[in-house]
Amino acid sequence: MQRADVQRADVQRDFVRQIIRDDLASGKHTAIRTRFPPEPNGYLHIGHAKAICLNFGIAREFGGWCNLRLDDTNPGKEDPEFVAGIKDDVRWLGYDWHELRHASDYFEVFYRAALKLIEDGKAYVDDLSADEVREYRGTLTSPGRNSPYRDRSVAENLDLFRRMRAGEFADGSKTLRAKIDMAAGNINLRDPALYRIRKVAHQNTGDAWPIYPMYDFAHALSDAMEGITHSLCTLEFEDHRPLYDWCVDNVDLAAHPALWQPVVDAGLEAKPAKPRQIEFSRLNLSYCITSKRKLAQLVNEKLVDGWDDPRMNTLRGLRRRGFTPAGLRLLIERLGISKQNSVIDYAILEGCIREDLDATAPRRMAVLDPLRLVIANLPEGHEETLAFANHPKDEGFGTRQVSFSRELWIERDDFAEVPPKGFHRLKPDGEVRLRGVGIVKCEEVVKDADGNVVELRCTLDPESRQGMPGADRKVKGTIHWVSAAHGVAAEVRVYDRLFSVPAPDDESDGKSWIEHINPDAKRVVRAWLEPAAAGAGPEQRFQFERLGYFVADRVDHRADAPVFNRTVTLRDTWAKQGG
RNA sequence: UGGGAGAUCGUCUAAUGGUAGGACAACAGACUCUGACUCUGUUUAUCUAGGUUCGAAUCCUAGUCUCCCAGCCA
């Protein structure tokens, strides 16, 4: 265990860690076991980061372990493509699992457990159709009625269930239901389905099974099978907890080894125990959607360029956008864990990413919207090489050589013919420092026939050059530049938030969530890069000074055809005050 | 009289009958060859009404508001 994690475990005082500390102190548990149990029916998104960091993070902090378990009980919706993606994303976030498991590893256990419940008179085979079940269930405010099949004999139930398993019945014609209480206020207890018939091939078990267990049954028993001590899940499962406990307690795997012998025979470690489910509030972020269905719709309707489109708040999208695992972990740590539902401002996430990147990203210069600047008092063809620090605060980043010449590209924004109040950059007859060079004065503004500024002619004050006595002369502004003769042309994808409103799901303004998509979330520009940026490897991150953080696109970038994505801008108090 | 959960600075989150604290944001200033970073300072909160108590965010009573639940999804 890392020292930092030990400290963190001590510092983080959320209610989940509190419970765990108490359980350790009281001797209820001597080791902590958690699990992250996604269903492989889509890619992981920003919301999952919270569950991942919580489960894997807690296991690491307390010296326990965390399993990655694919909750694959609904074949047809699930896909090995997503399994691979999930594994990849969890590792990218910085975590590794004790064991990779699948709910399908326990299919035989679930089946035997169901048989046991039937023998104990706690489950029965029901012939009601889906519609009829709904009708019999009652409503939120009125109790349900018992199914006419509820009192079948144990022998009949056993026979029927075995024949369900044998594939004798059609999809939907029968279910196995827990016999609990049709009048329960908690609807989950009104004889919930344990098994349904679904003759669909499963990604792992093929067509070995015509019946598949339901979530509540499979999930509870999977946790028990793996000896999970603390089963952490989101708030909407709060009223499933009584059913969760019912399944664990009534099956009682620990006392019935015969039920899970098949798992032992398969060579899997099994020490069934009694898990405790604890619920916490999910992560909601403004300007984001975290519905798997909607995320899939964006991809399928080609509103974005795939699951890893940098505008997507999937983990893959965030990764391609240049967000860092450490930044994401910082966000989760900062938010804490509680049971209050909340929406986190997207700016908090951006802040966390900036904080990480500021410390870890080397600096480079790039010009996204070029304007030619000629230094008239330098000889034609003048060229020199200047040494630049790669990081202003950390010498460990070293230095690099940057070519400087008579003709430069500067940012069009950094010149104003009619400067607004408080403008610190270049203006006619004004002075500004060229980063790492010296102070230039704008002597002439060259325009084309339409009156557009096409070139600035400046003079460089030789006394203000680095190493000269006038080098520390104060000027208001410093701007960045790229030598026109040396700059490398690059495609830069300037990304912004995918949605233009804080709550895209809120359609009370009469617009659908699709109509809330920000059409300017992706802007592609042709930019000039200093060569030391262009030559980066895929996924290498930089701060382009004064612009923001950028990452070499992990799929499209090549040194001879650079492609960078804007991860996030720098904080800009000038723009914010309306300058 | 369905069941379950939750209400603390703008936002997240602590305080478990004993000084309402932290982080982020905001604002002001300092610094600055990045209008970044950093540093300093400031502002701002216990859902309401009663009650118990020397003392209540915390306990009690009554209310208000918000979220979740009627898949053979997870």
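Predicted model, so just to flag it, every value in this text is computed and none were measured. Letters go in sequence order (proteins before strands), and every chain restarts at 1.
For the P atom pair drawn from B:U16 and B:A5, the interatomic distance equals 22 Å after rounding to whole Å. For the P atoms, the distance from B:G55 to B:U44 is 27 Å, rounded to whole Å. B:U42 and B:A49 have their P atoms separated by 31 Å, with the value rounded to a whole Å. Comparing B:A26 with B:U64, their C1' atoms sit 30 Å apart, to the nearest whole Å. Atom name P, nucleotides B:A56 and B:U48: the rounded distance is 15 Å, in whole Å. Rounded to whole Å, the P atom of B:U32 lies 38 Å from the corresponding atom of B:C12. Rounded to the nearest Å, the gap between the C1' atom of B:C73 and that of B:C69 is 14 Å. Comparing B:G35 with B:G10, their C1' atoms sit 25 Å apart, to the nearest whole Å.
Side-chain N/O atoms of A:Asp572 and base N/O atoms of B:G35 include no donor-acceptor pair closer than 3.5 Å. Checked by distance alone, A:Arg134 brings no side-chain donor or acceptor within 3.5 Å of a matching partner on the base of B:G71. Side-chain atoms of A:Arg334 and base atoms of B:U13 include no donor and acceptor less than 3.5 Å apart. Between the side chain of A:Gln340 and the base of B:U13, no donor-acceptor pair under 3.5 Å is found.
Of the candidate nucleotides B:A74, B:G6, B:U38, B:G6 has the atom lying nearest to any side-chain atom of A:Lys339. Distances were taken from every side-chain heavy atom of A:His424 (C-beta onward) to each of B:G35, B:C69, B:A74; the shortest belongs to B:G35. Which of B:C33, B:A14, B:C72 sits closest to the side chain of A:Arg198 comes down to B:C72. Considering only side-chain atoms of A:His240, the nucleotide from B:A74, B:C24, B:U34 that sits closest is B:A74. Set against B:C37, B:U16, B:C73, the side chain of A:Lys77 has B:C73 as its closest nucleotide. Among B:A14, B:A70, B:C72, the nucleotide with an atom closest to any side-chain atom of A:Leu140 is B:A70. In the set B:A5, B:C69, B:U34, the nucleotide with an atom closest to the side chain of A:Glu238 is B:A5. Closest contact between the side chain of A:Lys393 and the listed nucleotides B:U38, B:C67, B:U13 involves B:U38.
If you check every strand for non-hydrogen atoms under 4.0 Å, A:Ile479 touches nothing. Residue A:Arg571 is in sugar-phosphate contact alone, with no base atom involved, counting any heavy-atom pair closer than 4.0 Å across all strands shown. Across all strands shown, A:Glu545 has heavy atoms under 4.0 Å from base atoms, whether or not it also approaches the sugar-phosphate. When heavy atoms are screened at a 4.0 angstrom cut-off, A:Ser142 is found touching no nucleic acid atom at all. Using a 4.0 Å heavy-atom cutoff across all strands shown, A:Thr139 reaches at least one base atom of the nucleic acid. As judged by a 4.0 angstrom heavy-atom cut-off over every strand, A:Gly477 is placed among residues making no nucleic acid contact. At the heavy-atom level, A:Asp345 lies nowhere under 4.0 Å from the strands shown. In this structure, A:His219 reaches neither bases nor backbone, as no heavy-atom distance under 4.0 Å exists between it and the strands shown. Residue-level contact check: A:Tyr346 touches neither bases nor backbone, having no heavy atom under 4.0 Å from any strand.
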In dot-bracket, 5' to 3', how would RNA chain B read with Watson-Crick or G-U wobble pairs under 3.5 Å, [ ] for crossing ones and | for pairs to another strand? .((((((..((((....[..)))).(((((.......)))))....(((((..]....))))))))))).....

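Salt bridge A:Arg400/A:Glu530: present, at least one basic N to carboxylate O contact under 4.0 Å. Between A:Arg152 and A:Asp127 there is a salt bridge, with a side-chain nitrogen of the basic residue lying less than 4.0 Å from a carboxylate oxygen of the acidic one.
Rounded to an integer number of Å, the gap from A:Glu132 CD to B:A70 P is 20 Å.
With RNA chain B read from its 5' end, the first of the two nearest nucleotides for A:Val343 and A:Phe237 is the one closest to A:Val343. Both A:Lys474 and A:Asp171 lie near RNA chain B, and the one whose nearest nucleotide falls closer to the 5' end is A:Lys474.
Of the residues listed (A:Arg276, A:His219, A:Arg35, A:Gln277), the one engaging A:Ser231 in a side chain to side chain donor-acceptor pair (under 3.5 Å) is A:Arg35, and it is the only one. Among A:Arg364, A:His480, A:Arg363, A:Arg435, the single residue meeting the side chain to side chain donor-acceptor pair (under 3.5 Å) criterion with A:Glu545 is A:Arg435.
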Derivation and outcome, salt bridge (Lys or Arg N to Asp or Glu O under 4.0 Å), residues A:Lys339 and A:Glu238: CA-CA 10 Å; A:Lys339 300 189 71 152; A:Glu238 218 151 12; 2.5 Å; yes

Give the C-alpha distance, both sets of side-chain angles, the deciding distance and a yes or no for salt bridge (Lys or Arg N to Asp or Glu O under 4.0 Å) between A:Arg69 and A:Asp223. CA-CA 10 Å; A:Arg69 181 170 71 233; A:Asp223 280 349; 2.6 Å; yes

Trace of the salt bridge (Lys or Arg N to Asp or Glu O under 4.0 Å) decision for A:Arg17 with A:Glu61: CA-CA 10 Å; A:Arg17 275 172 251 248; A:Glu61 288 161 26; 2.7 Å; yes

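In this structure, A:Tyr215 forms no aromatic stack with the base of B:A74, since the conditions of centre separation below 5.5 Å and plane angle below 30° are not both met.
Glycosidic conformation, B:G71: syn, with the torsion inside 90° of 0.
A:Ser338 pairs by the side chain to side chain donor-acceptor pair (under 3.5 Å) definition with nothing, not counting sequence neighbours.
Between A:Tyr346 and A:Phe499, the distance separating the two ring centers is not shorter than 6.0 angstrom.
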